[in-house]
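The next block holds one structure in the form of structure tokens; read it before the comments.
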Amino acid sequence: MFILFGSVAVLIVTLIQFFVFVDKKSFGTFIDRFLKNEFTVNLVTLAIFKYVIQYAHFLVTDSYGMDSFLKYFAASFVIGIAFILLCAVLDNKLAFERVQPKKSHGARFVKVLSAVLVFLGSVCFFGTIWGKGAFGDVTADQLLVNLTSPTEGNDPAVVIDALEGPVFQIMLVTTIFCIFAFSKFNIVFKHRNKVKTVFNDFWKRIVSLVLAIAYLAGGIAYGWEEFQLKALYYAYVVKSDLIDSNYADPREVELKFPEKKRNLIHIYLESVENSYLSTDLGGHCDTNLMPELTDLSYEGMIFSNNDTKFGGPLQATGTQWSVASMVNQTTGLPMKVPDKQNRYGSEDGFLPGAYSLGDVLKDEGYEQTVMFGANADFGGLTYYYKLHGDIKIFDWKYAKENGYIPEDYHVWWGYEDDKLYEFAKEEITRMYETGKPFNFAMETADTHRPHGYLSKNAPTPYDDHYANAIAYSTSETVKFVRWIQEQPFYENTTIVLIGDHLSMDTDFFEDFEDDYLRTQYNLILNPAPNVADTDASRFVNRQYANFDMFPTIMASMGVEIEGDMLGIGTNLFSDKDTLIEQYGLEEVNDELNKKSVLYNEKILGGQYLPSAKAMKLQTTTQSEAKKIPETTQPTTKK
């Protein structure tokens with residue numbers, strides 16, 4: 001079939017060649033040219049499809065669809081045209097004539113404009129290809145939020161990958177185009193001792209501009225489709241009242257803490273998902289890559305989206321990258337695109353109107369630390385945790401400044417997880433010794449894309465590098481949890497483990513079926529007694545998202561929540577349906593893509609100040625805190 005479609009293209013090309021470049025026309029001459037073109041063009045096209053595009057077969061074509069054959073036809077036609085033009089040059093039918101075009105501001109403007117359009121088209125094409133290959137199904141909200149957020153602390157490998165990939169490709173294509181557009185030559189056609197200019201500077205400008213416009217249009221259409229850029233239109237223009245109608249302001253919701261406040265250890269497991277489990281457990285691997293974590297799972301509670309033990313949150317708008325996941329799980333809100341300017345890149349501008357888990361626990365007298373092996377400035381996390389709860393940030397910068405690692409130390413995103421766990425043990429011990437209830441959060445990094453970081457201490461039982469990184473990382477997490485369980489504070493400590501988002505390491509998942517639903521791993525260990533006997537039906541067939549974890553985590557600490565909602569999140573321990581269970585994932589995502597007045601003006605804009613009632617109660621609580629020890633003080637906050 002490929003050769004048949006190629007033969008049709010060659011026939012068209014040969015007709016062009018015959019009527020334009022052949023002096024003595026005869027049937028025999030036509031057949032001679034056709035056979036030469038047929039062999040050469042199909043041979044070159046097949047080689048490109050086999051070795052460059054990497055089609056497995058070209059003789060056995062049953063597995064290919066019409067789109068593949070049409071691509072082959074188009075490629076054969078382009079290669080055929082290039083071949084007959086080359087033959088015309090070699091036969092002295094076409095020649096390049098160097099000329100000095102007349103200087104004209106208008107002509108130069110057209111050339112410069114064409115070059116700019118090709119540059120922008122290349123940005124669309126190669127940026128989209130790189131983005132999808134590097135990060136998987138990146139959506140418009142993630143794209144724009146990350147482009148407008150601080151990038152300090154980014155992994156150098158990502159920058160190098162971008163420079164060697166799309167940046168280089170954009171420069172190459174734009175340079176080649178400029179060589180053509182700004183070159184000083186005419187193409188002359190020699191026929192029967194007559195010389196005629198067929199392609200001068202005027203036609204070069206016309207062709208350059210047409211090609212540039214078509215190229216840019218194609219790049220925009222490609223990026224529009226792949227990145228779902230239509231969602232940005234909704235984010236800025238189309239209004240939704242989903243958030244506005246369902247938002248439960250944590251300042252106004254009555255939160256009743258237990259008499260003895262529980263400690264919280266919240267571990268974000270970078271890119272850890274249930275697909276790493278074996279198929280008999282609902283995963284997608286022949287061998288369970290997380291056996292230790294699997295065993296630990298039976299000691300705690302998992303909220304599953306299916307009727308088996310292992311499942312997790314669904315992928316809602318504004319939840320599927322690390323910074324967003326942390327925001328979701330501590331504010332009960334998605335991370336939406338900024339409405340007017342970057343609202344995430346300053347110390348007073350990271351969701352100033354939100355009231356987070358850190359804010360709540362600060363008001364309750366908790367000692368708080370968040371720990372990263374990376375630079376917390378990346379994505380604006382430093383701003384977020386300082387603004388919301390004034391939480392101590394123990395990151396790569398802090399480790400250097402305080403002598404935990406050498407000044408010039410930089411491994412992976414900063415320092416590896418082997419060190420992270422050791423530093424965490426020391427920090428948690430310090431927090432416990434203050435005598436206050438504590439909130440400790442940390443994020444691992446060794447399972448981050450691309451392909452993960454493999455510790456020198458890690459065994460390598462698998463052929464795949466990423467599989468080894470996953471296996472070692474999750475086993476070390478369990479060792480860390482076992483250490484926590486041996487400590488004197490564990491009895492009064494709730495541990496939450498959750499994959500921060502689905503992995504973006506696209507190579508590992510390229511053979512996954514499209515209908516396999518990937519979900520984040522989640523586990524709650526040692527929850528408060530009042531939720532420990534929750535009915536088993538509440539843990540299976542749950543349709544929820546990361547933002548539902550905020551009230552769920554609070555409930556796991558024994559906090560009674562008026563209405564069982566915080567932000568737009570629902571307490572999964574309660575009998576209240578989540579927004580996704582009420583409306584369905586597709587409708588919730590469609591609505592979250594749209595503009596929310598409350599989110600833009602009060603959450604992003606910072607107009608949500610504590611009510612007079614809340615301020616009065618907060619003042620009273622702080623006053624009483626001076627008289628009553630925090631660990632035994634019953635509190636009710638509104």
Side-chain angles (χ1 to χ4, degrees), residues 135-137 267-316 319-322 325 417 443-454 458-481 495-525 536 539-546 548-549 572 580 585:
F135 302 108
D137 292 327
I267 305 174
Y268 298 94
L269 301 173
E270 172 63 49
S271 303
V272 173
E273 55 178 84
N274 293 308
S275 68
Y276 306 152
L277 299 168
S278 53
T279 53
D280 60 303
L281 294 172
H284 200 278
C285 295
D286 295 333
T287 303
N288 184 2
L289 301 181
M290 310 187 297
E292 298 87 358
L293 198 55
T294 302
D295 292 341
L296 183 67
S297 301
Y298 291 102
E299 300 178 20
M301 298 174 170
I302 289 176
F303 290 98
S304 175
N305 64 299
N306 54 54
D307 58 4
T308 67
K309 172 74 172 177
F310 296 100
L314 304 177
Q315 314 315 306
T319 66
Q320 277 306 292
W321 65 100
S322 296
S325 180
D417 289 350
E443 183 184 34
T444 64
D446 285 1
T447 43
H448 200 284
R449 67 155 300 274
H451 313 311
Y453 171 81
L454 194 60
T460 55
Y462 306 106
D463 294 334
D464 186 88
H465 179 91
Y466 197 46
N468 287 318
I470 293 166
Y472 179 73
S473 177
T474 54
S475 67
E476 290 300 297
T477 298
V478 174
K479 289 181 182 178
F480 177 61
V481 171
I495 304 175
V496 176
L497 299 98
I498 186 166
D500 60 347
H501 53 75
L502 298 182
S503 173
M504 300 175 185
D505 195 279
T506 53
D507 292 346
F508 189 78
F509 304 93
E510 61 183 359
D511 295 328
F512 278 36
E513 298 84 3
D514 291 339
D515 59 354
Y516 178 80
L517 182 61
R518 295 163 55 195
T519 56
Q520 298 157 232
Y521 175 84
N522 71 102
L523 174 66
I524 297 177
L525 292 168
F539 299 97
V540 293
N541 296 314
R542 301 306 308 275
Q543 307 295 294
Y544 70 103
N546 282 340
D548 292 304
M549 292 304 296
L572 296 174
I580 296 177
L585 178 63

Spacing of CG belonging to Leu585 relative to CD1 belonging to Ile580, to within rounding of 0.5 Å: 5.0 Å
Candidate pair Thr474 and Tyr521, rule side-chain contact (heavy atoms from CB on, under 4.5 Å), full reasoning: CA-CA 11 Å; Thr474 54; Tyr521 175 84; over 6 Å; no
Residue pairs, two or more places apart or on separate chains, that pass ring-ring contact (aromatic ring centres under 6.0 Å, His included) and touch residues 458-477: Tyr466-Phe508
Nearest-0.5 Å distance that lies between atom CZ in Phe512 and atom SG in Cys285: 5.5 Å
Donor-acceptor pair between Asp505 and Ser503 side chains, under 3.5 angstrom: no
Sidechain-backbone polar pair: Asn522 side chain, Gly311 backbone, donor-acceptor under 3.5 Å: yes
Short side-chain to backbone donor-acceptor contact, Asn541 and Asp307, under 3.5 Å: yes
Result of checking Val481, Ile524, Val272, Val478 against Leu497 for side-chain contact (heavy atoms from CB on, under 4.5 Å): Val481
Rounded distance [0.5 Å steps], NZ in Lys309 versus OG in Ser304: 9.5 Å
side-chain contact (heavy atoms from CB on, under 4.5 Å) assessment of Leu277 paired with Met290: CA-CA 6 Å; Leu277 299 168; Met290 310 187 297; 3.6 Å; yes
Main-chain N/O of Asp446 paired with Asp417 side-chain donor or acceptor, under 3.5 Å: yes
Heavy-atom donor-acceptor pair, Glu270 side chain to Ala445 backbone, under 3.5 Å: no
Main-chain N/O of Leu314 paired with Asn305 side-chain donor or acceptor, under 3.5 Å: no
Donor + acceptor pair across side chains of Ser322, His501 (<3.5 Å): yes
Polar side chain donor-acceptor pair, Asn468 to Thr460, under 3.5 angstrom: no
Asp507 side, atom CG; His451 side, atom NE2 - distance, nearest 0.5 Å: 5.0 Å
Test side-chain contact (heavy atoms from CB on, under 4.5 Å) applied to Glu476 and Glu292, step by step: CA-CA 9 Å; Glu476 290 300 297; Glu292 298 87 358; over 6 Å; no
Thr319 (side chain) donor-acceptor with Gln315 (main chain) under 3.5 angstrom: no
Within 6.0 Å of CG in Asp295, more than 12 heavy atoms from elsewhere: yes
Side-chain H-bond candidate by donor/acceptor type, Asn288 with Thr294, under 3.5 Å: yes
Pair Phe509-His284, side-chain contact (heavy atoms from CB on, under 4.5 Å): steps then yes or no: CA-CA 10 Å; Phe509 304 93; His284 200 278; over 6 Å; no
Residues that Glu273 engages under salt bridge (Lys or Arg N to Asp or Glu O under 4.0 Å), provided they are two or more places apart: Arg518
Side-chain (Asn306) to main-chain (Val540) donor-acceptor, under 3.5 angstrom: no
